[in-house]
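Data first, discussion second: the structure below is written as structure tokens.
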Amino acid sequence: MLRLRKIEPTDLPYLYQWENDARMWADSDTHNPLSQADLREYIASTTGDIYRDGQLRLMIEDEGVTMGCIDLFDFDARNRKAAIGMYIAPHARGKGVGKQAVKLLEEYAFGYLKLRMLYAIIAVKNVACSSIYEKEGYQPSSVLRAWTLEDDAMLWQKMV
């Protein structure tokens, strides 16, 4: 059964591999490689409290196998909204992991944190990811022209 859990020190090898995959940088705000020391410090310093950290990274796990991670970031407590970012490991893609992870994150964000809006900015060429948000009831809000050097992006929003 898929679940989301707090990041642990044992997740360092996954984060090191994923964060240093330069092919993914165009879809994120990453601009340079991260060292194991950088990531070890991040893991140690994160409290898992979105109100203290301003963001929350949760690992996606199924039957003890790490499948990826999903983040809430750009957290705005006053306006009760946050952005979603997600990485699904190559071995877990195409199996519905992303859709399930978004659903679990929504339950937490809307149910427990009482957020009123979640949003994701997805490169137009990333049809698989856009499909996840569309199936979960997110509405395309606007096209962000030349959002990255490589592509336009779509802003997807879901409000409760």
Side-chain angles (χ1 to χ4, degrees), residues 2 4-5 7 11-43 45-46 50 53-62 65-76 79-106 108-110 113 115-160:
L2 197 78
L4 305 180
R5 62 166 176 79
I7 196 168
D11 294 317
L12 178 63
Y14 301 114
L15 295 181
Y16 185 70
Q17 179 183 357
W18 300 339
E19 294 287 353
N20 288 305
D21 183 351
R23 295 170 297 183
M24 305 305 293
W25 291 356
D27 293 329
S28 71
D29 288 330
T30 303
H31 306 287
N32 55 280
L34 296 174
S35 70
Q36 287 191 12
D38 294 333
L39 293 166
R40 198 174 294 113
E41 182 180 325
Y42 166 73
I43 292 169
S45 69
T46 187
I50 195 166
D53 298 340
Q55 63 182 19
L56 176 65
R57 172 164 285 182
L58 298 169
M59 301 304 286
I60 304 166
E61 186 176 89
D62 189 10
V65 176
T66 303
M67 311 292 270
C69 58
I70 191 164
D71 302 335
L72 286 176
F73 65 99
D74 286 345
F75 175 62
D76 181 342
N79 293 301
R80 298 181 12 234
K81 64 183 177 179
I84 299 177
M86 180 171 44
Y87 178 86
I88 304 300
H91 71 273
R93 293 179 187 160
K95 299 177 181 177
V97 172
K99 185 175 186 289
Q100 290 176 63
V102 168
K103 188 178 292 274
L104 289 170
L105 189 68
E106 286 177 357
Y108 176 72
F110 292 139
L113 295 176
L115 297 184
R116 65 176 190 85
M117 180 197 306
L118 291 174
Y119 64 94
I121 297 174
I122 310 297
V124 170
K125 67 182 176 197
N126 194 341
V127 177
C129 194
S130 292
S131 175
I132 290 169
Y133 289 100
E134 185 174 28
K135 289 176 184 173
E136 283 306 305
Y138 287 70
Q139 299 297 312
S141 176
S142 59
V143 174
L144 305 170
R145 299 284 178 217
W147 190 250
T148 66
L149 291 174
E150 293 81 12
D151 202 1
D152 295 342
M154 178 65 70
L155 173 64
W156 293 86
Q157 295 176 288
K158 185 171 188 176
M159 296 182 65
V160 293

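Because the structure is a prediction, the values reported are computed rather than measured. Heavy-atom basis, side chains included; hydrogens, waters and symmetry copies ignored.
- Residues Leu72 and Leu118 form a side-chain contact, since some pair of their non-hydrogen atoms from C-beta on lies under 4.5 Å apart.
- Taking all atoms of both residues into account, the shortest heavy-atom contact from Leu34 to Tyr16 is O-CE1, 3.4 Å.
- For Met67 against Ala92, the heavy-atom pair with the smallest separation is CE-CB, 3.6 Å.
- Here the side chain of Asp152 pairs a donor or acceptor atom with the backbone of Ala146 at under 3.5 angstrom.
- By the side-chain hydrogen bond (donor to acceptor under 3.5 Å, both in side chains) test, Gln157 is found to be paired with Ser141, residues two or more places apart in sequence or in another chain being considered.
- Within the 4.5 Å cutoff, the side chain of Val65 has heavy atoms near those of the His91 side chain.
- Here NZ of Lys135 is found 7.5 Å from NZ of Lys99. Values are rounded to the nearest 0.5 Å.
- To the nearest 0.5 angstrom, Cys69 atom SG is 13.0 Å from Glu61 atom CD.
- The two residues Pro140 and Met154 come nearest to each other via the heavy atoms CB-SD, 3.7 Å.
- Side chains of Arg5 and Thr66 form a contact here, defined as non-hydrogen atoms less than 4.5 Å apart.
- The shortest side-chain heavy-atom distance between Gln17 and Asp21 does not fall under the 4.5 Å cut-off.
- Inter-residue side-chain proximity for Tyr138 and Ile84 is flagged as met; some heavy-atom pair is nearer than 4.5 Å.
- Taking 4.5 Å as the limit, some side-chain heavy atom of Met86 sits within range of a side-chain heavy atom of Tyr133.
- Summarising the geometry, atom CD belonging to Glu136 is positioned 12.0 Å from atom CH2 belonging to Trp156; distances are rounded to the nearest 0.5 Å.
- Side-chain contact between Val124 and Trp147 is absent, with no heavy atoms from C-beta onward closer than 4.5 Å.
- Between the side chains of Asp151 and Thr148, no donor N or O sits under 3.5 Å from an acceptor N or O.
- Atoms CZ and CD1, from Arg57 and Ile70 in turn, are 11.0 Å apart once rounded to the nearest 0.5 Å.
- Pairing each heavy atom of Arg93 with each of Ile88, the nearest pair is NE-O, 2.7 Å.
- For Thr46 (side chain) and Ile43 (main-chain N/O), no donor-acceptor pair under 3.5 Å exists by modelled atom type.
- Leu15 places a side-chain heavy atom less than 4.5 Å from the side chain of Ile7.
- Atoms CD1 and OH, from Ile60 and Tyr14 in turn, are 13.0 Å apart once rounded to the nearest 0.5 Å.
- When atom types are taken as modelled, the side chain of Arg116 and the backbone of Asn79 share a donor-acceptor pair closer than 3.5 angstrom.
- In terms of heavy atoms, Leu105 sits closest to Leu4 at N-CD1, 3.6 Å.
- With rounding to the nearest 0.5 Å, the separation of CG in Leu113 from NZ in Lys81 is 15.5 Å.
- Closest heavy-atom contact between Met59 and Trp18: CE-CZ3, 3.7 Å.
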